[in-house]
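Numbering starts at 1 and runs along the sequence shown. Because only heavy atoms are used, hydrogens play no part in the values below, and waters and symmetry mates are left out as well, while side chains stay in.
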Amino acid sequence: MTPPNGPAPDDSPLPARPRLIATDLDGTLLHDDKYVSDRTIAALAAAEQAGIEVFFVTGRPARWMDVVSEHVHGHGMAICANGAAVVDLHAGGQLLQVRPLERDTALAVVQALRDAAPGTTFAVELTTGIHYEPAYPPFHQDPGATVATAEKLLQIQEQGQGQGQQAEDESTAPVMKLLAHHPDLTPDGFLTVARTAVGDRATITRSSPSALLEVSGPGVSKASTLALCCAQRGISSDEVVAFGDMPNDLEMLTWAGTSYAMANAHPDVLAAASGRTVTNNEDGVAIVIEQLVARRRADGH
């Protein structure tokens, strides 16, 4: 099957009986304008009709899932914040499972990165929303954010000392991930510095073209949470087809039995995936799904 705007994916073998598709969003399923194309919408629906579950697996928080929430069929499940949360999109992004970054660990990471990369600024993604330091690039999508030092944002308020319900919520809400931004280092250079400084105390990755790192709890990744969700459904890694474009997708792509890097992917992703498809703007995910569904129908399933 040849797409209208580019070459077909390469000749990597497709799984015999795929049961689940796991796809990243930004730079993968979504076009650069952050919307899902009509072709992709149709492909997602066809996959579900063919009995193949589709999981959106993203670094986005649940509140930023409106771009795809109406295109989740059947189960309505998504993995958000790089594996820190499993959410029900049919229930408005209700959190079904949280794998948090402990606040004392986050504080230790903040100190380590301040020492290793002076000039680093931070944001804290809670289950209740995002908050950031004064010099951190502002999140225009979250105008109600608290602006304070990371140490203050991560402080656990003593019981009875809160200043209203919002302050209490912010001081006790689970931390989904810590974001670290550097104004001068290269993205991959900053990632290397951070991983060396932090070690195994936390999981550090990136998905932005800028020097913006995402810090999760130790062992928390898209892959580890996807593996848990698949185990609950009796689905093996060999029955999973995964798509991605950035370093935060690497573990998921190597865990899945079949994986596709987008043509626009980071070089490490292109090297790690078992297959390659065209760019996100050329509906690379939809093209592979169409092939999977067509073969499933040809096999009589």
query = Ignoring hydrogens and geometry, is there a side-chain-to-backbone donor-acceptor pair from H182 to P187 under 3.5 Å?
reply = no
message = Test your reading of the model: is there a side-chain donor-acceptor pair from D283 to the backbone of T40, 3.5 Å cut-off?
response = no
ask   = Do the non-hydrogen side-chain atoms of P18 and R296 ever get within less than 4.5 Å of each other?
value = yes
ask   = What is the distance from atom OG1 of T121 to atom CZ of R114, rounded to the nearest 0.5 Å?
value = 8.5 Å
query = Is a side-chain N or O of N264 found less than 3.5 angstrom from the main chain of D245, in a donor-acceptor match?
reply = no
message = What I'd like to find out is whether the side chain of V175 reaches to under 4.5 Å of the side chain of E125, using heavy atoms alone.
response = no
inquiry  = Using the rule given for side-chain contact (heavy atoms from CB on, under 4.5 Å), can you reason through N280 versus L29, listing the C-alpha separation, both sets of side-chain angles and the distance that settles it, and then say yes or no?
reply    = CA-CA 6 Å; N280 60 314; L29 189 81; over 6 Å; no
message = Under a 3.5 Å distance rule, please check whether T105 uses its side chain to pair with a backbone N or O of L101 as donor and acceptor.
response = no
ask   = Closest approach of A112 and R201, non-hydrogen atoms and distance?
value = CB-NH2, 3.8 Å
note = Sorted by chain and residue number, the salt bridge (Lys or Arg N to Asp or Glu O under 4.0 Å) partners of E251 (sequence neighbours excluded) come out as none
message = Using a 4.5 Å cut-off between side-chain heavy atoms of Ile, Leu, Val, Met, Phe, Trp and Tyr, which other residues end up in the same hydrophobic cluster as V193?
response = none
key: All salt bridge (Lys or Arg N to Asp or Glu O under 4.0 Å) counterparts of D188, not counting sequence neighbours   = R206
ask   = With E102, which residues qualify under salt bridge (Lys or Arg N to Asp or Glu O under 4.0 Å), at least two apart?
value = none
inquiry  = Has S259 got a side-chain atom pairing as donor or acceptor with A256's backbone, closer than 3.5 angstrom?
reply    = no
ask   = More than 12 heavy atoms of other residues, nucleotides or ligands under 6.0 Å from CG of D33: is that the case?
value = yes
key: Path from V68 to I21 over hydrophobic side-chain contacts below 4.5 Å   = yes
query = Any side-chain heavy atom of L44 sitting closer than 4.5 Å to one from I41?
reply = no
task = Give a yes or no on whether the backbone of F122 and the side-chain of E133 come within a donor-acceptor separation of less than 3.5 Å.
result = yes
request  = Applying side chain to side chain contact (heavy atoms under 4.5 Å, CB included), name anything that partners R19, two or more places apart in sequence or on another chain.
outcome  = I235, E239
key: Heavy-atom closest pair, residues M77 and F55   = CB-CZ, 3.9 Å
ask   = Should V215 and L179 count as side-chain neighbours, where that means a heavy-atom distance under 4.5 Å?
value = no
query = Restricting to pairs with a member in residues 209-252, which pass ring-ring contact (aromatic ring centres under 6.0 Å, His included), not counting sequence neighbours?
reply = F243-Y260
ask   = Under a 4.5 Å cut-off applied to non-hydrogen side-chain atoms, are H31 and N281 in contact?
value = yes
CD1-CG distance between I79 and D24, expressed to the nearest 0.5 angstrom = 12.0 Å
query = Mind checking whether R103 and Q155 have side chains closer than 4.5 Å, heavy atoms only?
reply = no
key: Check: L292 and V241 side chains under 4.5 Å, non-hydrogen atoms   = yes
task = May I ask you to decide if G219's main-chain N or O and S224's side chain share a donor-acceptor pair within less than 3.5 Å?
result = yes
ask   = Can you hop from L253 to V220 via hydrophobic side chains spaced under 4.5 Å?
value = no
task = Spell out, as yes or no, whether a donor-acceptor pair under 3.5 Å connects the side chain of K222 to the backbone of V57.
result = yes
inquiry  = With side chain to side chain donor-acceptor pair (under 3.5 Å) as the test, pick out the partner of N82 among N248, D249, T203, T58.
reply    = N248
message = Just verifying a value: how many Å separate L191 CG and I204 CD1, rounded to the nearest 0.5 Å?
response = 7.5 Å
